[in-house]
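The structure presented is a predicted model; accordingly, all values stated were derived computationally and were not measured. Each residue takes its place number in the sequence, starting with 1.
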Amino acid sequence: MIDYLPPLQTLSAFEAAARHLSCSRAAEELSLTHSAVSQHIARLERDLGGTRLFVRDGHRMILT
């Protein structure tokens, strides 16, 4: 487990993506690009020791 809290924007990006099951919709909501949301999620996954938070099935995102 991590010994610090990830940046709030990273957690916000994950929460929005999880709620919408879409990086694109999360990006619209947060006024970010799809790429920025994806990068935030990738950072959070790295911070959690490589734990995958989503499984991507084509264009769908499924929470793990």
Side-chain angles (χ1 to χ4, degrees):
M1 203 66 181
I2 57 177
D3 295 329
Y4 71 98
L5 288 176
L8 184 57
Q9 192 172 23
T10 298
L11 294 174
S12 294
F14 167 70
E15 186 275 332
R19 191 164 22 88
H20 293 293
L21 295 177
S22 167
C23 283
S24 296
R25 288 190 197 140
E28 287 177 26
E29 177 182 319
L30 299 170
S31 299
L32 297 171
T33 64
H34 177 281
S35 176
V37 172
S38 294
Q39 289 174 21
H40 282 300
I41 292 170
R43 176 182 180 173
L44 186 57
E45 289 174 334
R46 281 193 311 273
D47 288 348
L48 293 173
T51 302
R52 292 189 63 191
L53 300 174
F54 293 98
V55 175
R56 287 155 182 90
D57 179 25
H59 292 291
R60 289 182 37 207
M61 291 175 58
I62 302 166
L63 280 167
T64 60

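Annotation for A16 and L30: closest pair CB-CD1, 4.0 Å, computed over non-hydrogen atoms. Between A17 and M61, the closest heavy-atom pair is CB-CE, 4.3 Å. Across all their heavy atoms, A13 and A26 have their closest contact at O-CB, 4.4 Å. Between E45 and F54, the closest heavy-atom pair is OE2-N, 3.8 Å.
Remark: the S24 side chain and the E28 side chain contain no N/O donor-acceptor pair separated by less than 3.5 Å.
Rounding to the nearest 0.5 angstrom, the gap separating the NE2 atom in H34 from the OG atom in S22 is 6.5 Å. To the nearest 0.5 angstrom, L5 atom CG is 11.0 Å from D47 atom CG.
No side-chain heavy atom of S12 sits less than 4.5 Å from a side-chain heavy atom of H40. Looking at heavy atoms from C-beta onward, L53 lies out of side-chain contact with L63 at the 4.5 angstrom threshold.
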Trace of the salt bridge (Lys or Arg N to Asp or Glu O under 4.0 Å) decision for R19 with E15: CA-CA 6 Å; R19 191 164 22 88; E15 186 275 332; 2.7 Å; yes

From CA spacing to verdict: side chain to side chain contact (heavy atoms under 4.5 Å, CB included), Q9, L32: CA-CA 10 Å; Q9 192 172 23; L32 297 171; 3.5 Å; yes

Verdict with supporting geometry, D57 and I62, side chain to side chain contact (heavy atoms under 4.5 Å, CB included): CA-CA 8 Å; D57 179 25; I62 302 166; 4.3 Å; yes

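Of the possible polar contacts, none joining the T10 side chain to the P6 backbone as a donor-acceptor pair under 3.5 Å is found.
Environment of CZ in R60: sparse, with no more than 12 heavy atoms of neighbouring residues, nucleotides or ligands closer than 6.0 Å.
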